[in-house]
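One structure is given here, and the rest of the page talks about it.
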Amino acid sequence: MAESPITARTQDFASWYQDVVLQGDMAEPAEIVKGCMVIKANGYAVWELLQRELDDRFKATGHQNMYFPLLIPQSFMHKEAEHVEGFSPELAVVTMAGGKQLEEPYVIRPTSETIIGHFFAKWIKSWRDLPMLVNQWANIIRWELRTRMFLRTTEFLWQEGHTAHSTHEEAAQEVFRMLDVYAEVAEDVMAMPVIKGLKTQSEKFAGALQTYSIEAMMQNGFALQSGTSHDLGQNFGKAFNVQFQSKEGQLDYVWQTSWGVSTRLVGGLIMSHSDDKGLVLPPKVAPIKAVLVPIYKKKTKVSMKVDPNPSTVGQPVTISGTVMVLPDEEQDEKARVLEVAHRIAKEVDAKVDDREDITPGAKFFHWERRGVPVVLELGPRDLASGSIVLKRRDTGVKEVIPQSEVAAKLPAVLAAMQQSMYDVGKQRLKANTVLANSIEEVESLLKDVTAEKGGGKFVMAHLKDDPRCDARIKEFKATIRCIPLVDEYDGPGKCLVTGEPVDRRVVIAKAY
RNA sequence: CGGGGAGUGGCUCAGCCUGGUAGAGCACCUGGUUCGGGACCAGGGGGUCGGAGGUUCAAAUCCUCUCUCCCCGACCA
C-alpha cells in the first residue's frame, strides 16, 4: 500500500487543503509569479460549470454581459473617498508603457465600479435608460500579502455585476435578488449551505452603503465569504456624475448596485466537501460525473493491435516475422469487457478509463483524488453475472447492481449524493454554531482556533453594528461575519460590548 | 512587512557539518511478465546543484551579496 499523498485533515488542515488542490489537479502555484496560480484543467472545468450556472441566472434576471478595460486611470480610483482608501494598499499600478513613463499611471482593476461609473455616466441620460443591468466576467488583481490557492490569490477570476436604477428601492431589490442567486447556486449547485447577512459598517465594501454576503462554513469551522452584493447608494453616481432625467423632468443621480463571486467559490467547494482521500465534488459541478474502469487481462495487446479479426483467433499468425498463436480466451475477455464497458458508458454518459499502462487500482486512486462522483467497475466476474460495481465518492460505498439497471440507477445516485452532501454540510453548520452570552464566552470559543488545527465555530452573540464591537472581536483574530437576514435564534438582546439594545445575534467567526 | 522553511534530473528529497568522479525513490523510454484498490523484473535516457561574486590546486559543500517560492502572523474576495 503506497503512502497517501494527502495530509490528513486532523493532522494539518492547511496542508490537507494544499494537497487536495494539487492532487486533484485543480491548480498549482504559479511559482514564477508571486501569489498567483495556474488553474489546471480539472479546476477550470469546475469554474466553467459554476460560470454557466451563474450566467444562466444572470441572463434570466435580465442582465447582459459586457467587458471593460483591465486598466483604469489612476485618478478614477480617487473619485470616491472610501473606495480609494479601501483599495489603495492592494493596487498594482502601471507607470511605464511603450518604453516611457506614463503621464497618468493606470491601475490594474481591483474591481470596476469606477470605470463602469464613467461609462454609465456616458450612457445614461433618461429614466428610459434604466435600469441598466450589466455583468462582466473578468480577471482582477489585488496585491495581497498572504495568498492561498483559490481562496486568495493576487490575480483571480470573477464576475462583477453592475446595475443602475432610478430609485433606491429598486436598487435594494436588485441587491437582494442577486444575493439570493448566489445563495441558490451555493446551496443547490455547490451543496454548500450559507448564511445570508448584512456586513457591519466596518466590514462593508469600500464605497458602499451596505454590503450583504453569503457566508459558508468550511470543515475546519472557518467562515468563507463566498459572495457579496452591495448597495452602492448614489456614492458612485455622484463621484462619476451618473445622472438621469426622471419622468417629471428632474435630474437625479442613479442608485447603483454591484455584486460578485469569484474563483474563491472553487476553494469553498474543495474545503466544504473533500476528504482525506482527496477531492470530492458534488455531481452538479463535477466535470466528469462517472468513470468506468474496465478490468481485464491484456495479454493479447499485440495481437489486438495487429489483427483484431476474430477469425484469426486461435490460429497461427505472422507478426513481425514471428509466428504466434493468439490466446483466444483472453482476447475474448478483454474484447468483451471493453465492448460492454463502452456500451454502458455511452448509455450513462460515463468516461471509460481504457488506459493500458496502469492497473485498475491506480485508476481508482486517480479518479478518487480528482473527485469524480461515481466510479463504475466492470470486470470478468461482472460479465459472468451481468452485474456492474458502482462506487459513490462521498460515502465510499460500493454497490453491485445488474447492468440493466445502471442507466436508471446512476442519475438517482448522483441526485442522492448531491442532496446528501448538502445535508452533511448543513449538519456541520448546525453542529458548529453556538450561542455566546458574554464577550468572555466569545473569546474562549475562538481564541485557540487556527486554520491548521480547526475546531472553528460560528459564534452567535448579540453585538451592535459599531466599530467598537468589530475592534473587540478582532482582538480574538475573528470577525463579525454578518448580521443574519433571518434570525433563527432568540431575537433582541443587549450588545455584549456597548450594552445597547440590538435586535438579533450576529455571526462571529474566524475566516479566510 | 515581520517570523520560519526551502531552492540539487520532470517530482520528492539525500549529499553540505568534515571541499576531492553529482546520488536515491518516483516519473519517463525499451522489452517481458502482470491487471477486482497505488504491479514486478531487466535494461536505458535525463542535472552548468536558484543567481552573482569570492576563498581554494579543487566548491553542491566554505564566505559575501542577491533573487525566488512555500508556510505562519498583521491587511483582504
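Proteins come first, then strands; the chains are lettered A, B, ... in the order of their sequence lines, and each starts at number 1.
Considering A/T200, A/L446, A/I480, A/V506 in turn, A/I480 is the only one that fulfils the side-chain contact (heavy atoms from CB on, under 4.5 Å) rule with A/I473.
Following rounding to the nearest Å, A/F476 (CZ) and B/rG73 (C1') show an atom-to-atom distance of 18 Å. Taking atom NZ of residue A/K334 and atom P of nucleotide B/rC35, one finds them 14 Å apart after rounding to whole Å. Per the geometry, CG belonging to A/L338 stands 15 Å off P belonging to B/rG36, to the nearest Å.
In this structure, A/F156 forms an aromatic stack with the base of B/rA77, since both conditions hold: centre separation below 5.5 Å and plane angle below 30°. Once the 5.5 Å centre distance and the 30° plane angle are applied, the aromatic ring of A/F364 is found not to be stacked with the base of B/rG37.
Summarising the geometry of A/G278 relative to A/I6, their closest heavy-atom pair is CA-CD1, 3.4 Å, with the distance given to 0.1 Å.
Between A/S258 and A/H162, the side chains place no donor N or O within less than 3.5 Å of an acceptor N or O (distance only, hydrogens not considered). A side-chain donor-acceptor contact under 3.5 Å links A/N220 and A/Y512. Side-chain polar atoms of A/E174 and A/H63 form a donor-acceptor pair below 3.5 angstrom.
For the C1' atoms, the distance linking B/rA14 with B/rC26 amounts to 14 Å, nearest Å. Across B/rG47 and B/rA22, the matching C1' atoms stand 8 Å from one another, rounded to whole Å. Using atom P as the reference point in both B/rG38 and B/rG20, the two lie 42 Å apart (nearest Å). Between the C1' atoms of B/rG7 and B/rU12, the separation comes to 13 Å (whole Å). Taking atom P in both B/rG53 and B/rA58, one finds a spacing of 15 Å when rounded to whole Å. With both ends at atom P, the span from B/rG45 to B/rU55 equals 38 Å, rounded to whole Å. Using P as the reference atom, B/rC13 and B/rG9 are 12 Å apart when rounded to the nearest Å. B/rA77 sits 27 Å from B/rG4 when the C1' atoms are compared, rounded to a whole Å.
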With 3.5 Å as the limit, what N/O pairs link the protein to nucleotides 43-45 of chain B?
none

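A/R393 and A/D275 are joined by a salt bridge, as a carboxylate oxygen and a charged side-chain nitrogen come within less than 4.0 angstrom of each other. A salt bridge does not link A/E475 with A/K447: every distance from a Lys NZ or Arg NE/NH1/NH2 to an Asp or Glu carboxylate oxygen is 4.0 Å or more. Under the 4.0 Å criterion applied to side-chain N and carboxylate O atoms, A/E113 and A/K79 are not assigned as salt-bridge partners. By the 4.0 Å N-to-carboxylate-O rule, A/D357 lies too far from A/R355 to be salt-bridged with it.
Heavy atoms of A/A14 sit under 4.0 angstrom from primed sugar atoms or phosphate atoms, though from no base atom. Backbone-only engagement by A/K477 is indicated by non-hydrogen atom pairs under 4.0 Å involving sugar-phosphate atoms exclusively. When heavy atoms are screened at a 4.0 angstrom cut-off, A/P294 is found touching no nucleic acid atom at all. At the heavy-atom level, A/E377 lies under 4.0 Å from base atoms of the strands shown. Using a 4.0 Å heavy-atom distance criterion, A/I140 is classed as making no nucleic acid contact. Nucleic acid contact class of A/E144 (heavy atoms, under 4.0 Å, all strands): base. Here A/S88 lies out of heavy-atom contact (under 4.0 Å) with every strand. Among the heavy atoms of the strands, none lies under 4.0 Å from A/V293.
Projected onto RNA chain B by closest heavy-atom contact, A/A511 and A/G379 fall at different nucleotides, the more 5' of which corresponds to A/G379. Taking for each of A/L378 and A/L224 the nucleotide of RNA chain B with the nearest heavy atom, the 5'-most of the two is the partner of A/L378.
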Check the pair A/E144, A/T154 against side-chain hydrogen bond (donor to acceptor under 3.5 Å, both in side chains), reporting the backbone distance first and the verdict last.
CA-CA 6 Å; A/E144 302 288 354; A/T154 299; over 6 Å; no
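One donor-acceptor pair, N or O on each side, does fall under 3.5 Å between the base of B/rG37 and the side chain of A/K398.
Here the side chain of A/K297 is nearest to one of B/rC35, B/rA77, B/rG36, namely B/rC35. In this structure, the nucleotide among B/rG36, B/rG38, B/rG37 sitting nearest to the side chain of A/V389 is B/rG36.
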Please, what dot-bracket string fits RNA chain B when only Watson-Crick and G-U pairs with both distances under 3.5 Å count, crossing ones use [ ] and pairs to another strand use |?
((((((((.[[[[.)....(..]]]].((((((.....)))))).....[[[[[..)....]]]]])))))))....
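For B/rA39, one of the phosphate oxygens OP1 or OP2 lies less than 4.0 angstrom from a side-chain nitrogen or oxygen of A/T359. Put simply, A/Q18 has no side-chain N or O that comes within less than 4.0 Å of OP1 or OP2 on B/rC70.
Under the 3.5 Å distance criterion, the side-chain polar atoms of A/Q159 are matched with a main-chain donor or acceptor of A/V261.
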